[in-house]
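Here the structure comes first, spelled out in structure tokens, and everything after it is commentary.
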Amino acid sequence: MNYSVEKLSSLIDAKLIGNNKANISFVLTDSRSLCFPEETVFFALKSERNDGHHFIPELYRRGVRNFVVQELPDKLSEFPQTNFLMVADSLTALQQLAECHRKEFHIPVIGITGSNGKTMVKEWLYQLLSQNMNVTRSPRSYNSQIGVPLSLWLLNEQSQLGVFEAGISKPKEMIRLQRIIQPTIGVMTSLGSAHQENFGSLEEKCKEKLLLFKNAEAIVYSMDDEIVSKCVCTSDYPALKLTWSMKDDTVAFYVRAIEKQNINTTIAYTWKNKVNGKFTLPFIDEASLKNAISCAVVALYLGLTPKELALRMERLEPVAMRLEVKEGQHGCTLINDSYNSDINSLDIALDFMNRRPDHKGRKRTLILSDILQSGKTESRLYEEVAELIEKRGVRKFIGIGTSLTHECDAFKNISEKFFFPTVADFVHSEVFRGLSNEVILLKGARSFGFDRLTELLVNKVHETVLEVNLKAVVANLNHYRSFMKPETKLVCMIKADGYGAGAVEIAKTLQEHRVDYLAVAVVDEGVALRKNGITSSIMIMNPEMSSFKTLFDYELEPEIYSFRLLDALVKAAQKEGVTGFPVHIKLDTGMHRLGFNPHTDINELITRLKQQSSVIPRSVFSHFVGSDSNDFDRFSAHQFELFDKGSKQLQAAFEHKILRHIDNSAGIEHFPERQLDMCRLGLGLYGINSRNNEILNNVSTLKTTILQMRNVPKGDTVGYSRKGIIVRDSVIAAIPIGYADGLNRRLGNRNCYCLVNGKKAPYVGNICMDVALIDVTDIDCKEGDSVEIFGDHLPVTVLSDVMETIPYEVLTNVSNRVKRVYYQD
């Protein structure tokens, strides 16, 4: 669908400045995602830390001619043939446009909220219902104040059902989302602790979420959840209550029995006290069962027969709520999104691929399966796909499926294109064998066998992997940003290879989220970032004397902590003809590790800095010794007093602004009054609160697999030096991880445990270089099952406590031979 610029202006109550004809089909809020500039309107959103108005000149140069703004550019003459739509608030205007757009559609719309499972329910409803009707749904987790209006904009003439998520983090947010989504059917998933810090109680949060359903025709929720059930009953909403329960047989959907097998679960139910049915799910975990039951209630309400429901439930596919980045074979990088295939999710995946800096300039390749149930003719659908991938910079296209093969002429403008009826045909082709040094996006429905492609293309080195959740990195970043003043800058520490998580991928994520500075320990780490496309400012905390030319060549800004280092750097800069090179001055206020003495060195430091022009102080900083403990608050106050005096003295000697920073992760939260111009975020970025050792959002999960299992009789021993004495007849499993991978030997001999299928499996005997042995006697498991060493369910702090050390040591000791797998929701 498209709107004329005049119509769009009237819908959002804007003052139209400009009289240029335009039809708008695309709404843009992030300049990095621009694809079709001629048909795009850019909403210049303002937030505490960013201002979309700053990107107007760049977008104008790239062809955008329609902007929704809160303020006009200073020089309108620099933007000829442009429409500016003036509004009081750009976000409100975006939401108002989505609300008006929603009113154009008189179709069933499902609104989903809750703390957990929203995306899973949305995707499963799509799988269950898209064979009967054309379903438009939220892309991935687009459920915020910005994401929801962008999702609703996707409704079009072919839409017969809408399925949209709504997420909130604080009071008074849901009513705005309700006006946009206007659901006819509401689904409440499980209620949990997410964002609880902004609500007085679970009941308060539940009532806020339920505002989404105030005008709905029907509400689906669990009667067994006492808080949800109570809040719905007291809400006085007129909607039909489609409740489900495992206890109360008077509800709309009564679960009569649940039978779990090894890999699936059969659920027997009664629907509206009339129809008895059952279905089998290919899942056994409790969360999946509850989410599937909610989906079943909605599907039956919308007319699916029990027989259809049973057939489709059995074929439900796992929901990939993440885009995985993996190291591929032959120099390739794989971006795996091989779980579903539709044009909206294709655009998001292509956008993700485009945003990744790639210093090697490698070819961008798309491997795509047929797109099913689009509601469009195949010729029109693949014309749109071809136009999209051309705009997104895809240079090589591989289509798999009979429909794509038949419509191959639609891709005439793609220079390299290949078509195969099946994955098997592709795998046996020269095209498959010729994949080399490419960034490859795998985007296809699992029914085409794309999981096999992933297995064949991934670089298999080790059965032990470190999974890194990039969304969790962003969540932790935003957690600490929420404590900071909007104008305060942020340095993110990614030394020691991003605390073991992989500095390059972490840096790419942080650069995308516009962190002001990155910091690494040594020059080689900074060079690696530059060679992988990182353009952000990079601070070097421990520059070596031999690295000065490299610093200049790669624009890496060193910490200066001594006169010897300062003099040597100035001399090197003068030799290279470098002037005005930024440096960061370190003051020693009590750590007594490195730094200038604020009592005795400041005057001499100022004199030497002012006697030359090769380097210029960009910032001045110091380290708190104990901001993670209240016991050191008096000493921290003494440190700050020293730093405040010394840094102000340095600033007074120079006309330009020198950034002052002393707060680290713990200090950001504990000493908000000492945030100054900039803060440094270290361990907190990786999800660990150093003040209480609690996990914020887990970033790194170390996993391995069971290689072999054997029965060991009582009295025998396992492992080197016969330290693993078996005190009962036991089942002992070998896992391919040892101290060479970073599994510390102090964890052995039952001092700690890993998790096998969610159960504790203690390490027995000495941990070897490449293998560890675990006791799985009481655990239902088999060879090949996954083992969690630390991660989402076993906090890394459990291991560090056993080792009597800090989480840093555990994280940074994960060996480079352990493959990193990155994913993003």
Side-chain angles (χ1 to χ4, degrees), residues 1 25-26 35-36 122-140 142 151 153-163 312 315-320 323 335-354 364-394 396-414 417-426 440-454:
M1 293 184 70
S25 300
F26 299 92
C35 189
F36 296 93
K122 177 197 68 184
E123 291 298 326
W124 281 353
L125 284 173
Y126 176 80
Q127 292 180 32
L128 291 171
L129 300 170
S130 59
Q131 295 179 45
N132 296 62
M133 59 187 80
N134 186 271
V135 181
T136 298
R137 69 197 193 280
S138 306
R140 296 199 171 269
Y142 277 34
S151 298
W153 182 257
L154 299 175
L155 288 169
N156 57 62
E157 294 94 335
Q158 286 80 37
S159 301
Q160 296 172 301
L161 174 69
V163 186
R312 295 178 193 180
R315 298 170 187 165
L316 281 183
E317 297 177 349
V319 174
L323 283 162
I335 301 174
N336 182 27
D337 196 20
S338 57
Y339 297 88
N340 55 59
S341 184
D342 63 85
I343 195 162
N344 292 328
S345 63
L346 171 62
D347 189 24
I348 291 170
L350 287 169
D351 183 38
F352 177 77
M353 178 167 69
N354 269 356
R364 284 186 166 88
T365 298
L366 169 64
I367 304 177
L368 178 70
S369 77
D370 284 350
I371 294 177
L372 308 176
Q373 288 100 34
S374 71
K376 302 178 181 179
T377 64
E378 290 189 347
S379 59
R380 179 59 190 145
L381 171 65
Y382 292 115
E383 283 174 6
E384 291 182 13
V385 170
E387 184 181 10
L388 177 64
I389 65 177
E390 184 181 356
K391 293 277 189 179
R392 289 294 188 195
V394 171
K396 183 175 181 180
F397 176 69
I398 298 167
I400 296 177
T402 55
S403 296
L404 271 167
T405 303
H406 184 263
E407 298 295 335
C408 60
D409 289 344
F411 300 86
K412 57 182 179 293
N413 293 329
I414 306 297
K417 50 188 177 293
F418 308 92
F419 298 89
F420 302 91
T422 67
V423 163
D425 294 316
F426 172 47
I440 302 172
L441 171 61
L442 290 164
K443 188 77 179 78
R446 290 176 72 91
S447 58
F448 284 85
F450 267 48
D451 49 345
R452 182 188 174 201
L453 271 184
T454 306

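For clarity, every value in this text was computed on a predicted model and none was experimentally measured. This chain uses plain numbering: 1 for the first residue, then up along the sequence.
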At their closest point, which heavy atom of Cys35 faces which heavy atom of Lys391, and how far apart are they?
-> SG-CB, 3.2 Å
Look at the side chain of Lys122 and the backbone N and O of Ser138, then say whether any donor-acceptor pair between them is shorter than 3.5 Å.
-> yes
If you round to the nearest 0.5 Å, how far is CG of Asp370 from CD1 of Ile400?
-> 9.5 Å
OG1 of Thr365 to CE of Met353: how many Å apart, nearest 0.5 Å?
-> 7.5 Å
Examine distances only and state if a side-chain atom of Arg137 and a backbone atom of Val163 form a donor-acceptor pair shorter than 3.5 Å.
-> no
With side chains defined as the heavy atoms from C-beta onward, is the minimum distance between Leu388 and Val394 less than 4.5 Å?
-> no
Would you name the heavy atoms of Leu128 and Asn132 that are closest together and state the gap between them?
-> O-OD1, 4.4 Å
Report the residues that fulfil side chain to side chain donor-acceptor pair (under 3.5 Å) with Thr136, sequence neighbours left out, ordered by chain and then residue number.
-> Ser159
Should Leu366 and Leu346 count as side-chain neighbours, where that means a heavy-atom distance under 4.5 Å?
-> yes
Pairwise side-chain contact, Val385 with Leu404, heavy-atom cut-off 4.5 Å (strictly under) = no
Minimum heavy-atom distance Gly401-Phe448, with the two atoms named = CA-CE2, 4.1 Å
Approximate separation, where rounding is to 0.5 Å, of Thr402 OG1 and Glu378 CD = 7.5 Å
Exam field: side chain Asp337 to backbone Leu441, donor-acceptor pair closer than 3.5 Å | no
Phe397 and ring-ring contact (aromatic ring centres under 6.0 Å, His included): which partner among Phe411, Tyr382, Phe420?
-> Phe411
Gap between atom CZ of Phe419 and atom NE2 of His406 - 0.5 Å precision | 12.5 Å
Which atom names give the shortest non-hydrogen contact between Lys396 and Phe418, and what distance separates them?
-> CE-CE1, 3.9 Å
Flag side-chain contact, heavy atom, 4.5 Å: Phe450 against Asn336 | no
Which salt bridge (Lys or Arg N to Asp or Glu O under 4.0 Å) pairs, counting each pair once, include a residue from residues 381-390, with sequence neighbours left out?
-> Lys376-Glu384, Arg380-Glu383, Arg380-Glu384
Approximate separation, where rounding is to 0.5 Å, of Lys417 NZ and Asp409 CG = 9.0 Å
Nearest non-hydrogen partners of Ile348 and Pro139, listed with the distance | CD1-CB, 2.7 Å
Between atom CZ of Arg364 and atom CG of Leu350, what is the distance when rounded to the nearest 0.5 Å?
-> 10.0 Å
For Arg392, check salt bridge (Lys or Arg N to Asp or Glu O under 4.0 Å) against everything at least two apart and list the hits.
-> Asp347, Asp351
